[in-house]
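All remarks here apply to the structure that follows.
This is a predicted model, so every value here is computed, not measured.
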Amino acid sequence: MAASVIINLWSAPRCCSTALMYSFAQRSDTTVMDEPLYASWLAKHPECARPYREELLRASELDGRKVVASLLSLGPEGGVLFLKHIGKFIEDLEDTDLVTSSRCVHVFLVRNRVEKVSL
């Protein structure tokens, strides 16, 4: 069974998106996923060195279209699927249902790159 509503939170790094994600995780009718497209994006960017890179790539689905298809089938029936994304992770996915599905609601967190965020 799939969620009735999918909330896609599109953000930039360091803009309090994780705090918002954790608040949605407190809801009993909500399933939360953190950056589900990260591994597929990372696989296409070998220049991005990360200490956990190889482990993540081995453990994850690297085809972004398959990730999206899987996401669209997740979540509690009648509930909410909350997906936190970094905006650039969708750059190589064309015509994705994650963007066009009528079940999806999109939230964009924007921050002033000049300001320093202190928590």
Interatomic spacing from CG in Leu71 to CE in Met33 - rounded to 0.5 Å: 5.5 Å
Rounded at 0.5 Å granularity, tell me how far OG in Ser4 sits from CZ in Arg103. 7.5 Å
To the nearest 0.5 Å, tell me how far Leu42 CG sits from Glu54 CD. 8.5 Å
Tell me, do His106 and His85 make a side-chain contact under 4.5 Å, heavy atoms counted? no
Under 4.5 Å between any side-chain heavy atoms of Leu56 and Arg50, yes or no? no
Should we count NZ of Lys66 as having more than 12 external heavy atoms under 6.0 Å? no
Single-linkage hydrophobic cluster Val80~Leu109, side-chain heavy atoms < 4.5 angstrom: yes
Say you draw a straight line from CE of Met21 to CD of Glu35; how long is it, rounded to the nearest 0.5 Å? 8.0 Å
Return yes if a side-chain donor-acceptor contact under 3.5 Å exists between Ser11 and Lys84, otherwise no. no
Do Leu74 and Val5 share a hydrophobic cluster, counting only Ile, Leu, Val, Met, Phe, Trp and Tyr and linking them when any side-chain heavy atoms are less than 4.5 Å apart? no
What is the distance from atom CH2 of Trp41 to atom SG of Cys48, rounded to the nearest 0.5 Å? 3.5 Å
Rounded to the nearest 0.5 angstrom, the CD-CG distance for Glu91 and Leu37 is 11.0 Å
Would Ile7 and Leu72 show up in the same hydrophobic cluster when neighbours are defined by side-chain heavy atoms closer than 4.5 Å? no
Cluster overlap Phe108 with Leu20, hydrophobic side-chain contacts below 4.5 Å: no
Any donor-acceptor N/O pair, Ser60 side chain to Leu57 backbone, under 3.5 Å: no
Matching residue for Phe24 among Thr31, Leu83, Leu9, Val32 - test: side-chain contact (heavy atoms from CB on, under 4.5 Å): Val32
Can you confirm whether Ile6 sits close enough to Val105 that some side-chain heavy atom of one is under 4.5 Å from a side-chain heavy atom of the other? no
Check the hydrophobic clustering (I, L, V, M, F, W, Y; side-chain heavy atoms under 4.5 Å; chains of links allowed) and say if Phe82 and Ile86 are grouped together. no
Does Arg65 pair with Asp63 as a salt bridge, N-O distance under 4.0 Å? no
Side-chain contact, heavy-atom cut-off 4.5 Å: Leu81 with Thr30? no
Backbone of Leu98 reached by a side-chain donor or acceptor of Asn8 within 3.5 Å: yes
Lys44 versus Leu62: any side-chain heavy-atom pair under 4.5 Å? no
